[in-house]
Amino acid sequence: MKTNLIELTVSTPNGKFIARYSEKGLAELNFPGAKAPVAPKRSEGGPVPSNISKWHRATQSALEKILAGGEPRELPPLDWAGATDFQKSVWRQLLKISGGKTRSYGEIARAIGKPKAVRAVGGACGANPIPVLVPCHRVLAANNKLGGFSGGLDWKRQLLAKEGVKF
DNA sequence: GTCACCTTAGAAG
DNA sequence: CTTCTAAGGTGAC
């Protein structure tokens, strides 16, 4: 079923991110500049539920923290409904990467018990609906090569630079 | 069913 | 050192 997502924006020094929440938590986060598939239509529909309002505050502060090169104090609940088990496993590993550190696709693959699924890990990262908070940008190719990034390789470089990662 | 993807280790030239 | 190949998971066509 098409869950009614509530769309809110997060203003940062880097631009306005777009966050979408379901009843269960943050379901999606988009980079500034990404074309908005739907118009923001939440205010007329009704008030934003208080729990979502609270999550949004957490999202905002976590995002700002990361963009400043730090680690978020706390994250809002993430709604991974629709994701496969494989993807959830990968994203769980990503959440364990602390600021300024990086892992390779191979390491992630190994961590979830499928050392040969390195390309699948790349696929899961690309399918990540919540970039930045789920730090898919901290995953580099082997030998500290940048690798790719569907949301714009530019963001990956910038985020890593803020965290002091060199390569 | 086929193909492309945010990959990588290893074998061959 | 450079080039080529095979291998996982998933979604688009």
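Lettering follows sequence order; numbering is per chain, from 1.
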Does a nitrogen or oxygen in the side chain of [X] sit under 4.0 Å from OP1 or OP2 of [N]?
X	N	answer
A/K114	C/dG9	yes
A/K116	C/dG8	yes
A/S150	B/dC6	no

Over 60° means perpendicular and under 30° means parallel, so classify the ring planes of A/W155 and A/F31, tilted if in between.
parallel

Let me know the distance between [atom1] of [X] and [atom2] of [N], rounded to the nearest Å.
X	N	atom1	atom2	value
A/R103	B/dT8	CZ	P	12 Å
A/R119	C/dT10	CZ	C1'	12 Å
A/D154	B/dC6	CG	C1'	15 Å
A/Q158	B/dC6	CD	P	19 Å

Return the pairing partner of B/dA12 with a 3.5 Å limit on both distances, Watson-Crick or G-U wobble; otherwise return none.
C/dT2

For A/W80, is there any backbone N or O sitting under 3.5 Å from a side-chain donor or acceptor partner on A/K88?
no

A/Y21 side chain near A/T59 side chain, heavy-atom distance below 4.5 Å:
yes

Using the six-membered ring for Trp and the full ring for Phe, Tyr or His, decide whether A/Y105 stacks on the six-membered base ring of B/dT7 (centres under 5.5 Å, planes under 30°).
no

Minimum heavy-atom distance A/L26-A/P76, with the two atoms named
CD2-CG, 4.1 Å

Identify whether any heavy atom of A/G106 sits under 4.0 Å from a base atom; if not, whether one sits that close to sugar-phosphate; answer base, sugar-phosphate or nothing.
sugar-phosphate

